[in-house]
Enquirer: 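My questions will all concern the structure given below.
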Amino acid sequence: MLLLQFILIGISIGSVYALIALGTVLIYKATRVINFAQGELVMIGAFIGYTSLVSWGLPIFIALPVTLLLSGVIGYLAERFVLRRIAHGPLISVIMVTLGLSIFLKGGVTGVWGTSMYSFPKIFPESTINLLGIKLPQVYFWSMVVAVIIFVLFVFFFKYTDLGLAMRGVADNQKAAASLGVNVFSVVGLSWVFSGIVAALGGILLANISLLNINMSDVGLKAFPVVILGGFDSLLGAVIGGLVIGVIESVAGGYLATIVSGAIDQVVAFAILLIILLIKPQGLFGTKEVERL
Amino acid sequence: MLKVSNLRVAYGKVNALKGISLEVHRGEVVTLIGSNGAGKSTLLKTISGLVRPKTGSITFEGEEITKASPDAIVGRGIAHVPEGRRIFTNLTVMENLKAGAYLRKDKEQLQTDYEEMFSLFPILKERKEQMAGTLSGGEQQMLALCRALLSKPKLIILDEPSLGLAPLIVDLVFDVIEKVRQTGITILLVEQNAHLALEIAQRAYVLETGEIKLSGTSESLLKDERVIEAYLG
């Protein structure tokens with residue numbers, strides 16, 4: 001019973017990791033850039049959510065769209081005024097710029113909201129929900145639901161819309177997409193908007209699970225084991241990877257923490273990262289480049 | 001239809017194009033021949049808006065397109081089949097074709113157009129659910145051509161369609177180019193295989209180290225001694 005509880009909690013936290021990783025994958029797919037500022041987007045999303053709920057006193061059904069919109073705008077601005085400036089530069093510089101962006105964003109948040117702990121207004125009922133005989137706090141349950149909905153929306157978007165197809169085209173081969181009349185910059189901009197939005201969703205969920213603070217951006221680091229496990233260019237991989245890492249963390253934390261002192265759950269994700277890099281560098285669902293002449 | 005005047009392009013300090021002027025008229029097949037590094041691909045990329053010229057102008061149907069973005073240029077009716085095919089290898093054949101019709105407004109017409117393409121290229125119909133990266137080189141070239149045609153271009157630019165293909169497949173590709181010509185689409189063909197190019201084209205330009213060295217009808221160039229020595233020998 002205890003194991004089942006650890007697993008369910010792991011799946012819930014893993015769903016949040018999956019959302020955050022989806023943002024990383026979206027940007028990677030469109031631009032081959034690994035965004036080191038994803039965790040900051042998560043944190044900013046949560047802070048905007050806090051401000052619109054508490055400072056502006058908006059009801060949740062208005063605060064949520066406002067938060068997602070503003071977070072999308074931040075993603076867009078990051079692409080438009082920072083990333084695009086060096087879009088044709090060497091990949092490594094572009095990635096370094098995302099690292100700079102993360103520091104800049106963190107600084108900005110410190111300036112506006114400071115470094116203290118905020119208690120996020122509870123947007124889900126305090127009661128528990130009974131799942132497979134386990135009493136689970138509602139926020140955990142809804143995290144899973146949100147992750148599933150977002151994943152399904154993205155799958156639908158990429159599979160059945162022209163814009164989704166264009167985005168996959170850009171991901172596959174930017175020059176070919178441009179030669180077909182796809183405006184590559186708008187598509188890349190859109191991937192940042194989407195990424196900002198899912199990051200904010202993840203941030204709001206996370207803030208409901210724990211407290212809100214500047215250090216929330218550290219969760220962005222968790223996105224790396226997740227996407228490396230799932231495969232950098234796979235949406236499904238981000239979800240499965242998120243769940244696996246979440247569950248392993250939760251179970252390891254639950255059982256090993258009593259044997260090994262220290263925060264063992266913080267380490268396992270990165271241990272998995274190392275193992276995957278050694279045995280299957282493209283991840284579980286990532287594509288190995290197939291090319292024929 | 002397409003008019004390029006005094007085009008200069010430089011990559012850093014290297015002058016890739018040193019003042020190119022050429023014209024393509026409606027319904028024509030014009031070919032650009034020249035060896036590796038002559039500047040052929042640079043010229044095509046400049047026409048498509050992927051590379052910016054230092055000076056000079058490009059007009060299409062009388063309108064200036066020198067500074068237009070690549071997507072705007074496609075929108076005006078210039079499709080570019082880039083060198084090395086550049087198909088979307090991780091998308092299915094059908095998805096590649098759909099991407100070709102990305103800018104089309106008349107989506108209801110598309111189904112018939114897909115069927116038309118499939119009758120022209122039956123192999124693509126057979127493979128339409130396959131990942132495009134699994135196609136053979138010749139099939140990928142067909143797909144790239146098909147994809148470009150689906151944007152309903154007025155002018156189609158073909159960059160080295162025979163590159164890296166077996167001789168038999170090259171013949172097949174050129175049969176298809178001939179079919180495209182018969183539908184009335186204007187073609188600008190860049191080719192290293194001067195024989196094939198001059199056979200299909202009405203006029204030709206010879207490009208050497210960033211300059212047009214010769215131009216004229218294909219018949220006259222086929223007889224030109226300099227051409228025979230450098231490109232047909």
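In what follows, chains carry the letters A, B, and so on, assigned in the order in which the sequence lines appear, proteins first and then strands, with residues in each chain numbered from 1. As the structure is a computational prediction, the values presented were derived from the model and not from experiment.
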Enquirer: For A:A176 and B:R147, work out which heavy atoms get closest and say how close.
Expert: CB-NH2, 4.0 Å
Enquirer: Distance from A:N173 atom CG to B:N90 atom CG, nearest 0.5 Å?
Expert: 10.0 Å
Enquirer: Residue by residue, scan residues 50-77 of chain B and write down, ordered by number, those that have a heavy-atom distance under 4.5 Å to chain A; if none do, write 'none'.
Expert: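 Near chain A, by residue number: B:L50, B:P70, B:D71, B:V74.
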Enquirer: Just verifying a value: how many Å separate A:K175 NZ and B:H80 NE2, rounded to the nearest 0.5 Å?
Expert: 11.0 Å
Enquirer: I'd like to know which of A:L180, A:V184, A:N183 tops the heavy-atom pair count under 4.5 Å against chain B.
Expert: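 Looking at each option in turn, the highest pair count goes to A:L180.
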Enquirer: Taking atom CZ of A:F270 as the centre, report whether more than 12 heavy atoms of other residues, nucleotides or ligands fall under 6.0 Å from it.
Expert: yes
Enquirer: Given heavy-atom pairs under 4.5 angstrom as the criterion, report whether the side chain, backbone, both or neither of A:A171 touches chain B.
Expert: neither
Enquirer: Check the pair A:Q174, B:R86 against side-chain contact (heavy atoms from CB on, under 4.5 Å), reporting the backbone distance first and the verdict last.
Expert: CA-CA 9 Å; A:Q174 285 202 0; B:R86 289 194 198 278; over 6 Å; no
Enquirer: For B:R26, does the CZ atom have more than 12 heavy-atom neighbours from other residues, nucleotides or ligands under 6.0 Å away?
Expert: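 Open.
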Enquirer: Is B:Y11 atom OH crowded by more than 12 heavy atoms from other residues, nucleotides or ligands, each under 6.0 Å away?
Expert: yes
Enquirer: For residues 144-157 of chain A, which residue pairs qualify under side-chain hydrogen bond (donor to acceptor under 3.5 Å, both in side chains), counting only residues two or more places apart or in two chains?
Expert: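 Qualifying pairs: none.
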Enquirer: Which residues in residues 34-44 of chain B have any heavy atom lying under 4.5 Å from a heavy atom of chain A?
Expert: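 Not one residue of residues 34-44 of chain B has a heavy atom under 4.5 Å from chain A.
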Enquirer: In Å and rounded to the nearest 0.5 Å, what is the OG to CG distance from A:S179 to B:D159?
Expert: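 Going from OG on A:S179 over to CG on B:D159, the span is 11.0 Å.
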Enquirer: About how many Å separate CG of B:N96 and CG of A:L165, when rounded to the nearest 0.5 Å?
Expert: 8.5 Å
Enquirer: Please say whether more than 12 non-hydrogen atoms of neighbouring residues, nucleotides or ligands are located less than 6.0 Å from NE2 in B:H195.
Expert: no
Enquirer: For A:L278, look at atom CG and say whether over 12 heavy atoms of other residues, nucleotides or ligands are found less than 6.0 Å away.
Expert: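 Count over threshold, so yes.
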Enquirer: Could you please state which residues from residues 100-109 of chain B sit under 4.5 angstrom from chain A, measuring non-hydrogen atom to non-hydrogen atom, sorted by number, or 'none'?
Expert: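 Within residues 100-109 of chain B, near chain A: B:G100, B:Y102, B:L103, B:K107.
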